[in-house]
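Shown next, in structure tokens, is the structure this report addresses.
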4 protein chains.
Amino acid sequence: MTDTSFQRVPTPSVPAPDILRCAYMELIVTDLKRSRDFYVDVLDLTVTAEDEDAIYLRSMEEFIHHNLVLRRGEQAAVAAFSYRVRAPEDLDKAEAFYTELGCEVIRRREGFTRGIGDSVRVQDPLGFPYEFFHEVEHVERLAWRYDLYTPGALVRLDHFNQVTPDVPKAVAYMEDLGFRVTEDIQDEHGTTYAAWMRRKPTVHDTAMTGGAGPRMHHVAFATHEKHNVLAICDKLGALRLSDHIERGPGRHGVSNAFYLYIRDPDGHRIEIYTQDYYTGDPDNPVVTWDVHDNQRRDWWGNPVVPSWYTEASTVLDLHGRPVPATERTDASEMDVTIGADGFSYTRKEDEESMPSWKQGEYKLGHQL
Amino acid sequence: MTDTSFQRVPTPSVPAPDILRCAYMELIVTDLKRSRDFYVDVLDLTVTAEDEDAIYLRSMEEFIHHNLVLRRGEQAAVAAFSYRVRAPEDLDKAEAFYTELGCEVIRRREGFTRGIGDSVRVQDPLGFPYEFFHEVEHVERLAWRYDLYTPGALVRLDHFNQVTPDVPKAVAYMEDLGFRVTEDIQDEHGTTYAAWMRRKPTVHDTAMTGGAGPRMHHVAFATHEKHNVLAICDKLGALRLSDHIERGPGRHGVSNAFYLYIRDPDGHRIEIYTQDYYTGDPDNPVVTWDVHDNQRRDWWGNPVVPSWYTEASTVLDLHGRPVPATERTDASEMDVTIGADGFSYTRKEDEESMPSWKQGEYKLGHQL
Amino acid sequence: MTDTSFQRVPTPSVPAPDILRCAYMELIVTDLKRSRDFYVDVLDLTVTAEDEDAIYLRSMEEFIHHNLVLRRGEQAAVAAFSYRVRAPEDLDKAEAFYTELGCEVIRRREGFTRGIGDSVRVQDPLGFPYEFFHEVEHVERLAWRYDLYTPGALVRLDHFNQVTPDVPKAVAYMEDLGFRVTEDIQDEHGTTYAAWMRRKPTVHDTAMTGGAGPRMHHVAFATHEKHNVLAICDKLGALRLSDHIERGPGRHGVSNAFYLYIRDPDGHRIEIYTQDYYTGDPDNPVVTWDVHDNQRRDWWGNPVVPSWYTEASTVLDLHGRPVPATERTDASEMDVTIGADGFSYTRKEDEESMPSWKQGEYKLGHQL
Amino acid sequence: MTDTSFQRVPTPSVPAPDILRCAYMELIVTDLKRSRDFYVDVLDLTVTAEDEDAIYLRSMEEFIHHNLVLRRGEQAAVAAFSYRVRAPEDLDKAEAFYTELGCEVIRRREGFTRGIGDSVRVQDPLGFPYEFFHEVEHVERLAWRYDLYTPGALVRLDHFNQVTPDVPKAVAYMEDLGFRVTEDIQDEHGTTYAAWMRRKPTVHDTAMTGGAGPRMHHVAFATHEKHNVLAICDKLGALRLSDHIERGPGRHGVSNAFYLYIRDPDGHRIEIYTQDYYTGDPDNPVVTWDVHDNQRRDWWGNPVVPSWYTEASTVLDLHGRPVPATERTDASEMDVTIGADGFSYTRKEDEESMPSWKQGEYKLGHQL
């Protein structure tokens with residue numbers, strides 16, 4: 001098993017592959033029909049291909065074969081976080097990079113899923129199943145097919161989010177892999193609670209969230225506008241599936257994006273996301289948020305529900321076995337911000353100016 | 001003082017005034033400068049007039065003098081719920097109607113506020129200070145002044161919402177006054193928890209919410225689109241005033257409107273509201289919601305915070321004295337829907353089909 | 001045939017029926033299948049009922065049987081402009097009102113279309129086939145059915161628009177029928193080019209447009225938001241039906257609404273419309289626009305295409321015969337505003353301040 | 001002067017600078033106060049700095065000093081198309097690249113404008129004044145400052161658009177400079193009318209439009225959502241400046257973005273633009289549009305006004321002298337698509353199926 005102890009992951013002597021972007025996630029689902037109902041009939045993702053064991057889905061603006069694979073399995077889990085690399089030779093680089101790190105590496109010229117060619121899968125130093133590929137079947141980019149759009153149309157895969165116990169360790173390794181930090185959450189003691197990292201010039205291709213890991217926190221799809229996110233909520237309500245809504249909709253402080261978190265029939269968390277900002281300059285300013293700032297996770301100060309902090313999906317190793325999670329030893333963001341032992345502020349050093357009618361303390365953060 | 005015991009209010013023998021619509025609310029605020037900052041600089045209402053004691057505000061599409069009066073006072077309260085009537089002679093009708101009901105009635109030819117002429121104020125049978133007027137100063141309708149619009153522009157006063165202990169009693173009286181019910185919330189025993197009533201053909205000009213009353217639950221302004229509501233949240237965040245957001249934004253089940261509840265510096269509750277539906281036909285179907293339906297108050301099943309159920313503004317009698325509130329004796333909506341003694345469902349008769357990942361029970365309704 | 005000479009229509013001695021709102025239009029279409037493709041598959045109206053001869057359609061928020069009837073016929077035309085009245089006895093009033101005017105009046109207890117009961121049809125003094133009804137079959141109001149909404153969902157029938165040679169004559173007659181003018185277009189000589197009139201408190205239930213008539217200019221459906229209008233354009237593009245777009249999208253000066261005009265397969269003009277304003281007060285300010293104001297028809301100054309001024313649908317008499325159109329003798333709006341003989345301004349008395357780069361005169365209004 | 005004859009520009013032997021993105025344009029304006037009114041008070045760009053001779057403006061999400069410089073001058077023109085490069089050493093590369101091409105090259109360590117350091121300016125082989133820089137003063141990224149947003153807020157500089165007589169020559173040179181084509185417009189004879197090219201992964205950082213050049217066609221700013229674009233139109237109407245709207249709003253076929261073209265007080269053309277798609281993969285599919293496709297420039301088939309094809313801004317050489325334009329010798333897009341000698345189709349090979357009511361031919365494309 002991969003070493004997840006709390007030392008730094010060494011920097012390989014060989015160059016990292018040139019990663020373009022997060023490209024797709026492979027989810028293991030326990031009832032393929034039920035998951036199809038959710039992702040195809042409720043979320044309106046487009047089916048590129050399907051068979052008895054798997055469904056290959058894409059978003060409206062995608063031209064590669066898929067952004068999501070739903071594969072039938074015994075236990076809900078994540079089988080791969082897959083990134084596209086710039087050129088075929090980047091697969092050799094990926095192979096060498098992870099081999100030097102002592103990770104298990106499997107290369108399969110015919111790919112691990114339909115529609116995708118030569119691929120490298122590794123269990124990375126943090127325990128996550130990472131994939132890299134370049135060759136891919138092109139399919140119709142449906143961007144202009146407004147006859148197919150629905151009110152909540154998902155147009156792009158935007159990012160992954162991973163749970164890992166030691167965020168600084170994870171960040172250092174990801175920087176070696178070529179990622180750049182765009183934003184993070186810290187406290188006054190220097191503890192880092194989460195970090196956002198990008199290859200494409202958005203706020204992130206993946207984020208590291210502090211917690212017991214390796215686990216998958218969420219996978220996020222983008223819409224064009226905010227009303228598209230609201231339309232997904234409205235549709236879930238109409239279908240009497242509103243209990244799939246876990247958190248939001250709201251405006252993030254981190255990333256400045258508009259968001260919604262929903263849970264699929266297996267509990268995999270999906271974010272719907274729109275309107276972060278361009279980050280492609282090398283000196284793009286890193287935004288560091290105070291963990292006690294009540295607007296960091298929701299710009300409107302709406303409470304983060306506890307399940308959002310505590311629940312996440314199991315990830316699999318390259319042989320399909322669940323990877324056991326290691327607990328976080330640093331302070332947890334939930335503990336330091338909610339309840340008797342934690343605190344949050346809306347205006348730093350301004351607690352006594354809280355309006356008098358606020359003494360009813362209607363916010364969840366005050367109640368728990 | 002008005003009788004608020006739990007008998008039916010008698011139906012007057014004289015005709016009711018012909019009410020056009022809710023027109024303005026007069027709020028007593030304890031710090032006029034602080035309230036001005038909130039309503040003018042944050043919510044971008046337009047100042048029609050102001051002096052040392054009061055500020056007269058209107059929305060972008062209004063052509064009468066004001067939709068809101070902020071008046072300086074010792075204690076935060078509501079001095080008037082004001083309705084416009086169709087013709088001057090409707091004031092005579094209002095006077096006769098309430099006199100027959102034994103209410104205190106004051107008529108003032110020069111009006112009670114700037115910009116408004118001949119007016120009747122009463123303390124109605126439920127204890128609320130109601131006003132009726134027809135004569136009013138016209139001001140510029142700013143509808144076409146897109147140089148003045150802001151991202152969260154409020155375009156109309158939409159409705160009032162009142163807290164009263166006995167909702168059926170209140171409804172019967174309001175029907176005598178010419179209002180029609182459009183939606184309500186009941187349980188299987190026939191208890192009514194709230195009712196929405198209209199004169200203009202929207203879902204309501206006012207609603208009756210069951211609870212200790214007479215108190216004012218909220219006053220609501222409409223925006224054009226949903227993104228305008230979100231812009232208000234974003235601006236509150238930018239100003240580090242996000243703790244003024246009490247509940248939402250969300251989609252109501254009742255009314256089908258998109259909503260946000262905020263609290264002003266005195267704790268008066270303001271709703272921002274958009275996109276309910278036409279109700280002007282006499283046989284407009286009344287929608288009755290089950291109090292246990294988790295989507296009645298928020299179509300997305302997001303929890304109603306307790307303060308929303310319990311807090312409301314004091315109302316004044318015609319002499320500026322706070323009207324004591326009478327407790328509700330029927331079951332309270334909060335008690336029957338939240339926590340150990342209450343319950344809510346998303347899919348009726350379907351509790352065991354709740355997805356397994358829901359056992360973490362992330363919704364507030366399950367946690368309290 | 002009805003008298004359409006240019007005298008005033010006399011005011012009947014009997015009261016007018018109490019009209020609630022425009023309720024539906026009956027269109028004669030020459031290829032029912034082709035029209036179904038357009039209204040159901042492209043515009044996403046909901047089919048309440050259909051048979052070999054007719055299709056009954058409604059919008060998402062409607063609870064009466066239909067807002068549009070498509071009936072198979074030899075020649076594209078309009079068979080009825082139908083209004084709902086407040087009570088059954090208003091049909092007696094309608095009968096008496098039009099009988100006194102000398103119009104042909106037919107009353108049919110079983111209604112003229114499916115889903116509707118006792119009805120009065122008349123050929124009115126302007127030559128239009130008007131219908132009045134109260135009894136109607138209720139159907140599901142789909143307002144909450146977000147699983148059925150599409151990006152361009154039409155939520156209400158908003159208004160009709162009629163072409164008639166003598167606008168002041170038409171307005172006077174409609175005022176006798178209980179309508180109120182909300183806006184109009186005039187010139188400095190007092191010629192009236194068009195007028196908007198309402199029963200429900202929006203800008204209009206119908207408008208009178210000056211031109212050869214009686215003809216039907218358009219029927220308008222409302223969306224919730226502006227992006228819904230744009231989505232219809234995008235879908236027409238995706239289906240390679242963009243030549244159905246005649247004018248817009250744009251912002252009207254008159255009504256302040258956001259608009260789009262499309263043409264159905266027979267050339268019947270449909271407006272998509274959103275966000276006008278409340279007009280329900282009896283002293284609602286009437287807005288009069290100068291015919292030479294370039295922003296009256298399009299607030300952004302975009303040109304009105306000539307077909308929009310000249311083309312309109314034939315209307316039928318009560319026996320299904322086309323009603324011949326009488327030419328307008330007053331000046332035509334197109335002639336006075338476009339081309340060599342007409343003029344428009346953006347800033348009155350400010351022609352010489354036109355920016356220098358404007359000498360290329362890119363606007364259509366300058367080119368024709 | 002630079003060679004603009006119609007041979008291929010040779011490919012330099014030295015590497016191209018690594019360009020990040022289009023960063024700012026320097027415009028010469030004839031009345032600085034009048035231009036300030038337009039860009040600051042109407043378009044709501046943020047002033048980073050200003051003095052008697054120049055105003056430095058940026059968009060809401062920008063963190064570098066400016067995206068637009070307005071500089072006072074005798075004749076309206078463009079002084080620089082400026083690109084940011086990845087690293088300081090890319091300036092050496094730019095210097096070498098253009099020196100080898102025989103272009104005039106000026107390097108200024110202190111920069112050519114406030115806020116920007118070491119810079120290279122060249123008159124490129126097509127005659128355009130191009131600038132490259134890396135060092136820049138950081139300023140506050142206003143992305144979270146929702147208290148400062150206006151309804152039409154511009155959030156990013158998106159792209160430039162240049163007019164040049166020989167598009168394939170221009171494209172080949174730009175590919176040598178590291179740009180990639182994402183879309184283009186061609187005819188069946190292989191004539192290329194326009195091409196879109198990118199460095200950042202959007203549809204373009206600049207486009208080449210066929211016509212007499214070198215001239216500047218437009219500079220484009222992005223909004224978050226489509227309603228923001230409409231808000232700019234509405235505001236121009238309210239200020240009686242609607243004649244600054246030249247074309248649109250509409251949906252582009254090319255790029256799939258929502259657009260508006262306005263003209264500033266000197267006639268410089270500004271595009272407001274939102275929602276194109278990700279193009280960052282090296283095998284991103286190139287979309288080639290048929291010049292006769294009526295939906296290529298406007299997806300809704302709305303006509304392109306002639307001025308949009310014919311008018312453009314003069315560009316200056318490095319000494320501030322206007323660069324004379326060379327005429328295009330290939331067919332012009334306007335000529336082949338509009339009027340007696342040109343044609344456009346909505347459905348290829350489908351002219352006779354045009355609906356009968358279309359015989360009025362209301363579209364401008366049919367009229368001119």
Side-chain angles (χ1 to χ4, degrees), chain A residues 34 36-46 59-63 139-156 221-245 248-249 258 260 262 264-265 272 274-275, chain C residues 34 36-46 59-63 139-156 221-245 248-249 258 260 262 264-265 272 274-275:
Chain A
R34 193 175 57 162
R36 191 189 197 286
D37 289 347
F38 188 76
Y39 287 99
V40 178
D41 296 339
V42 179
L43 292 185
D44 298 312
L45 285 167
T46 297
S59 54
M60 295 300 289
E61 294 184 357
E62 187 55 82
F63 73 96
V139 290
E140 183 187 359
R141 177 175 254 159
L142 300 170
W144 288 264
R145 291 294 304 276
Y146 290 102
D147 51 324
L148 302 180
Y149 276 75
T150 55
L154 304 178
V155 299
R156 288 187 303 282
F221 288 89
T223 64
H224 278 143
E225 302 198 332
K226 294 182 288 292
H227 62 81
N228 302 118
V229 178
L230 305 178
I232 293 172
C233 297
D234 287 336
K235 184 175 178 182
L236 286 165
L239 295 170
R240 288 283 159 182
L241 295 174
S242 66
D243 46 6
H244 285 264
I245 298 173
F258 191 74
L260 170 73
I262 56 179
D264 88 355
I272 316 296
T274 192
Q275 292 162 22
Chain C
R34 192 175 58 162
R36 190 188 199 287
D37 289 347
F38 189 75
Y39 286 98
V40 178
D41 296 339
V42 179
L43 292 185
D44 297 313
L45 285 168
T46 298
S59 54
M60 295 299 288
E61 294 184 357
E62 188 54 82
F63 73 95
V139 290
E140 183 186 359
R141 177 174 254 159
L142 300 170
W144 288 265
R145 291 295 302 277
Y146 291 102
D147 50 324
L148 302 181
Y149 276 75
T150 54
L154 305 178
V155 298
R156 288 185 304 281
F221 288 89
T223 64
H224 278 144
E225 302 198 332
K226 294 182 289 292
H227 62 81
N228 302 119
V229 179
L230 305 178
I232 292 172
C233 297
D234 287 337
K235 184 175 178 182
L236 286 166
L239 295 170
R240 288 284 160 182
L241 296 173
S242 66
D243 45 5
H244 285 264
I245 298 174
F258 191 74
L260 171 73
I262 55 180
D264 87 355
I272 316 296
T274 193
Q275 291 162 24

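Chain letters run A, B, ... following the sequence lines, proteins first and then strands; every chain starts at 1. Since the structure is predicted, the reported quantities are computational estimates derived from the model, not experimental observations.
Interface residues of residues 230-238 of chain C toward chain A, defined by a heavy-atom distance below 4.5 Å and sorted by number: C/Asp234, C/Lys235, C/Ala238. Chain A is approached within less than 4.5 Å, heavy atom to heavy atom, by C/Trp144, C/Arg145, C/Tyr146, C/Asp147, C/Tyr149, C/Thr150, C/Pro151 from residues 142-153 of chain C, ordered by number.
With values rounded to the nearest 0.5 angstrom, A/His227 atom NE2 is found 13.5 Å from C/His224 atom NE2.
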